[in-house]
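Notes to accompany the following structure.
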Amino acid sequence: MVETVRLQVFGETPVTPIVEPVVTALAARTSLDVARADELIAAIDLVRNAWRGPDPLSVTLAAVGDTLTVELTPVAPAVLAQSESLVSRLVTSISTTNDAVTLRVDR
């Protein structure tokens, strides 16, 4: 079963207080431990720095089996490149498509 949550973050609103409870809840459903959930939240926060306004930052979280994925859009690939190596250490995988970034964490 797939559980999906879509959020929009407007302007300079901090992303962590909005996504942290959702990540925590979905992590529990995928049996991710707290440390992995915290790393994912940190990765989301880093990717948020690459947000390309003025459109809101869309955050789509999905729990499937033992995997939690997060897609963030729109982000500027050039800005993301500055922190991509750090982000990649916090998640199982990171992929980019046009102005979207997908983070995946496996149990």
Side-chain angles (χ1 to χ4, degrees):
M1 182 168 115
V2 177
E3 295 189 59
T4 304
V5 177
R6 290 183 178 84
L7 307 167
Q8 287 194 323
V9 181
F10 293 88
E12 296 299 318
T13 305
V15 72
T16 303
I18 296 167
V19 301
E20 185 172 20
V22 178
V23 168
T24 301
L26 291 176
R29 293 179 186 266
T30 59
S31 300
L32 287 178
D33 62 33
V34 174
R36 292 296 286 157
D38 287 346
E39 290 170 345
L40 178 58
I41 292 164
I44 292 168
D45 199 43
L46 288 167
V47 171
R48 199 278 189 233
N49 293 330
W51 166 69
R52 183 176 60 201
D55 294 333
L57 178 69
S58 294
V59 182
T60 303
L61 302 100
V64 181
D66 292 342
T67 302
L68 184 55
T69 60
V70 180
E71 181 184 79
L72 299 102
T73 188
V75 296
V79 177
L80 176 64
Q82 298 170 8
S83 61
E84 190 169 357
S85 65
L86 178 56
V87 172
S88 67
R89 285 184 245 146
L90 297 169
V91 296
T92 304
S93 70
I94 178 173
S95 60
T96 58
T97 308
N98 298 324
D99 67 348
V101 174
T102 303
L103 308 173
R104 190 183 96 231
V105 176
D106 298 327
R107 180 170 65 117

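Both backbone and side-chain heavy atoms feed into the values below; hydrogens, waters and symmetry mates do not.
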Is the shortest side-chain heavy-atom distance between V87 and L103 below 4.5 Å? yes
From CD (Q8) to OG1 (T13), nearest 0.5 Å: 11.5 Å
Nearest heavy-atom approach of T30 to A63 is CG2-CB, 3.5 Å
Side chains of L7 and L61: closer than 4.5 Å at any heavy-atom pair? yes
Got a list of side-chain donor-acceptor pairs under 3.5 Å for residues 64-71, not counting sequence neighbours?
unit_1, atom_1, unit_2, atom_2, d
D66, OD2, R107, NH2, 3.0
T67, OG1, D106, OD1, 2.9

Is there a side-chain contact between R48 and V9, using heavy atoms and a 4.5 Å cut-off? yes
Would you name the heavy atoms of P56 and W51 that are closest together and state the gap between them? C-NE1, 3.8 Å
What heavy-atom pair brings P21 and I18 nearest, and what distance separates the two atoms? CD-O, 3.7 Å
Verify side chain to side chain contact (heavy atoms under 4.5 Å, CB included) between L26 and V22, making sure each step is shown before the conclusion. CA-CA 6 Å; L26 291 176; V22 178; 4.0 Å; yes
Correct closest heavy-atom pair for V105 and R36 would be CG1-NH2, 3.3 Å
Identify the two heavy atoms, one from P74 and one from L57, that lie closest to each other, and give their separation to 0.1 Å. O-CD1, 4.1 Å
Taking the side chain as every heavy atom from C-beta outward, state whether T16 and I44 have any pair of such atoms under 4.5 Å apart. no
Closest heavy-atom contact between R52 and A76? CB-N, 4.1 Å
Identify the residue among L46, D45, D38, L40 that makes a side chain to side chain contact (heavy atoms under 4.5 Å, CB included) with L90. L46
Side chain of T73, backbone of D99: donor and acceptor closer than 3.5 Å? yes
May I ask whether V101 and L86 are part of the same hydrophobic cluster, defined by side-chain heavy atoms of I, L, V, M, F, W, Y residues being less than 4.5 angstrom apart, directly or through others? yes
Please evaluate residues R104 and T92 with respect to the criterion side-chain hydrogen bond (donor to acceptor under 3.5 Å, both in side chains), reporting the C-alpha separation (whole Å), side-chain torsions for both, the decisive distance (0.1 Å), and the verdict. CA-CA 6 Å; R104 190 183 96 231; T92 304; 5.1 Å; no
